[in-house]
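The structure under discussion appears below in the form of structure tokens.
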Number of protein chains: 4
Amino acid sequence: MGLRINLNADIAEGWGAYDIGDDPALMRIIKSANVACGFHAGDHNTMHRICMLAKELGVSIGAHPGFNDLWGFGRRPIKMAPKDIEYMTAYQIGALQAVAQYAGLKVTHLKAHGALNNMAAVDPEYAMAIGRAIKTVDRDIIYVVLCGSEMETACKKLGLPIAREGFADRSYEEDGNLTPRSIAGSVYKDPEKALAQCLRMIQDGEIVSRQGKIVKVNVETICLHGDEPTAVHVAGEVAKGLAKAGIEQVTLPEMLA
Amino acid sequence: MGLRINLNADIAEGWGAYDIGDDPALMRIIKSANVACGFHAGDHNTMHRICMLAKELGVSIGAHPGFNDLWGFGRRPIKMAPKDIEYMTAYQIGALQAVAQYAGLKVTHLKAHGALNNMAAVDPEYAMAIGRAIKTVDRDIIYVVLCGSEMETACKKLGLPIAREGFADRSYEEDGNLTPRSIAGSVYKDPEKALAQCLRMIQDGEIVSRQGKIVKVNVETICLHGDEPTAVHVAGEVAKGLAKAGIEQVTLPEMLA
Amino acid sequence: MGLRINLNADIAEGWGAYDIGDDPALMRIIKSANVACGFHAGDHNTMHRICMLAKELGVSIGAHPGFNDLWGFGRRPIKMAPKDIEYMTAYQIGALQAVAQYAGLKVTHLKAHGALNNMAAVDPEYAMAIGRAIKTVDRDIIYVVLCGSEMETACKKLGLPIAREGFADRSYEEDGNLTPRSIAGSVYKDPEKALAQCLRMIQDGEIVSRQGKIVKVNVETICLHGDEPTAVHVAGEVAKGLAKAGIEQVTLPEMLA
Amino acid sequence: MGLRINLNADIAEGWGAYDIGDDPALMRIIKSANVACGFHAGDHNTMHRICMLAKELGVSIGAHPGFNDLWGFGRRPIKMAPKDIEYMTAYQIGALQAVAQYAGLKVTHLKAHGALNNMAAVDPEYAMAIGRAIKTVDRDIIYVVLCGSEMETACKKLGLPIAREGFADRSYEEDGNLTPRSIAGSVYKDPEKALAQCLRMIQDGEIVSRQGKIVKVNVETICLHGDEPTAVHVAGEVAKGLAKAGIEQVTLPEMLA
């Protein structure tokens, strides 16, 4: 069997009168959609629309819970009690599960959004809170984690299915973390560069850090972004390039099967 | 078998720093709790706390969806597209289902809140929207409806389990609708009066309207309020009075079994 | 002195991660901006940015208060107590006044948004509530009203400066009201048609209704829309056409001076 | 002239269906009210009610801006750009200024709420952001600051009127900071203890830390809390005790006159 990979993206972040990103285009590129659940972005109408589209396109769906912070789009770090995070996460999973029934779909993965994801990567209590919510609501849900993060540790401790995530269009530091967005060049706008990083991750299990160091990373899923003007183009080129290289693109459940 | 009735109340409407009503007292009086789902009131923490308490006390739980309108506490009539209401309702059911898993409980009924309930009582599209959400998410969920309302019609059309609701502490008009709160005397503060109305509903299948007319009403559940200063007292006296009269109080699923 | 007109548009409706309409383009076409105040849309950052731009471009600014309803973008009709509307309006005016001080600008007009505007057009209590808020906070603020509406009556009753508003790109009914958006053809996408309607309003004080009837309308300001894909193009063509016809475009305070 | 002090409290944190604290009682004890402005708590209706009451009772009013975070009641630390904080603060001041006009009152001070206040105490950028908002909107507004905090530094740098704040019912650490609420005994429920601390602050310009160390503090205002069950009682006893000791209680503007 040849090489395989899952491509995921954050989806469904528009709501009401507001639109953001090009969901219809991105949904045709990825195999798994991280669906915003109405706390940091999105609403029940957008969730419904995306679930129906996911069904049509054969894209698997996951909950993309974030802080209850529309003003900050879930990007503002907020300190919360772990139990608060846990129930907040469970709530959002459940909301998506219900809406997904309109499409006859199951919620098969979870990826935390923005600041919640960043905080859970380094805070074991946040990481466990998210994991416990998954375990309570549906222990078959795949926990998408940053490689080598506290989320990976939490996921293993709880015995949940895991998908380690790499990034196509983001530069890495030599400790394996992402280069902060505030540093110039941290987001690749050149599809070639993004594709090269993906190929190296998939074929060789490594990335080259901003500092030039080779870092080992094993990933089951690669995140494509949709909210930069160039992002959909980059995403599309990456997907095409992977196909050309003979790498099969599959949904997250297929990836872990 | 003797007479039986279900007593329900709106619960879990506090959140964050805010508290409203005396949930712990009321939960010991009722047999079914209508749990606010974070749109007009409540949040994931309150939902969790109430689910755990419901488990402990043998109270069945239902979703109590409302408009996404914290400012108006779900009491401001809002015009929405029926599909919007439908997905909004599905979302809220799912959120509660997930949180209820912490207590190992199923969501067994749904009662719409405030203005959503009032509008659905007279608007067939609103009534159907709520019913369709139930049907999609879990068709075993009991739809709590106002007697003789459009909700009753919708519920029957969709083939959902139904519980018709009466009110202990509210005066009725001769057309079978509740007397608006703006009219003096529309809310009974006298437990005797509330108890008498309940007994007549349960034993004789009728109420006496504000105008003195006898109106036939068949109800499976009676709503007790908790958000007036005198409400918990009234609720407690009603429950005691029913017990004294030999009327068994059961959960909604038991009532329909 | 030749003919003059004020062109206004709704502005500043993006916030946080969300953007809507093409504010920078529209701000270069209009002379008065209706600035969303954070209740139905917008936030303090967007308000600040627009105030600074208004200063630079010589555009006068007005408060554009709406319902506290981000989910509905202020387009959902909501029933509220008149006092509630009044204080809600005062709050939004004050918020903008404070932010406008960064640009050294005064808030010189007010135009209610969406459903609030529509409801105030026909409900004297809503219309007076908005007017009373203006009168309390700054009685020099110009109340922008729909011609012949309850707002016009309220404005005169309260002795506030008034600007009657017409629409460039909306069809009218023969009673002088706008054709509802749900009816095909109610929004003009053809700049010629919009310009013709504007010229007739300004030069002849009349419009031709959808039914072909001539209706008298005297307006001090004409609303250009920005949230349709074709809107900025239509707006730009109307402004150019008016200039070509020798009609001077001025700010609202200049229009009333 | 004898000793004088200002007593302040956080007020107006209820809204919609929610109530919190005993505003009417507290307003009769204090001389300056910190009025929540609708971001972390409160709304235009509550603001209006409190402004009218303040007018009646001779209480001076101040803006009490907080994070846009109803869910966390402004107590969750949130990382924001300083400019964002600045405009958010300006917005809230302006909103209160407008509503205060119903009572013919000026907003004469500002005290930041909860996490915003705590963060501004130690973060010079947060402290300056709040100060700059004051300076832009009304440079006569008194900036209420924690003694020895970054807010005090910012206030002096900007040349704003300053009121340094002490706490009646909170224990201090030996570095002059408040003992965190998580530590037992950090909130005094004994009115004697709170009064003794106030007297020592006012008469001797010092407090005794939890560790027994004497720390110099010069304050123009003392904060009384209202949201603990015992708080109004403590506040009332403190006010009475100060009066008995011949210490005059004045509004903040009087205190700085």
With chain B, the option among A:G94, A:A90, A:A100, A:A81 that has the most non-hydrogen atom pairs under 4.5 Å is A:G94
Pair count under 4.5 Å, heavy atoms only, with chain B: among A:I93, A:L96, A:N45, highest is A:N45
Ranked by heavy-atom pairs below 4.5 Å to chain B, first place among A:H48, A:K83, A:Q97 goes to A:H48
Check your understanding: Just by distance, with hydrogens left out, do A:E13 and A:Y18 show a side-chain donor and acceptor under 3.5 Å apart?
Key -> no
Cut-off 4.5 Å, heavy atoms of chain B, and the answer for A:N68 is side chain
Most contact-rich option vs chain B, by heavy-atom pairs under 4.5 angstrom, among A:V137, A:V99, A:T89, is A:V137
| said: For the residue pair B:S32 / B:N8, report whether a side-chain donor-acceptor contact shorter than 3.5 Å exists. | reply: no
- With the threshold set at 4.0 Å, does a side-chain nitrogen-carboxylate oxygen contact exist between B:R49 and B:D23? no
query = Does the distance from a Lys or Arg side-chain N to an Asp or Glu carboxylate O, for A:R75 and A:D69, drop under 4.0 Å?
reply = no
| Quick one: are A:D84 and B:H44 in side-chain contact, heavy atoms under 4.5 Å? | yes
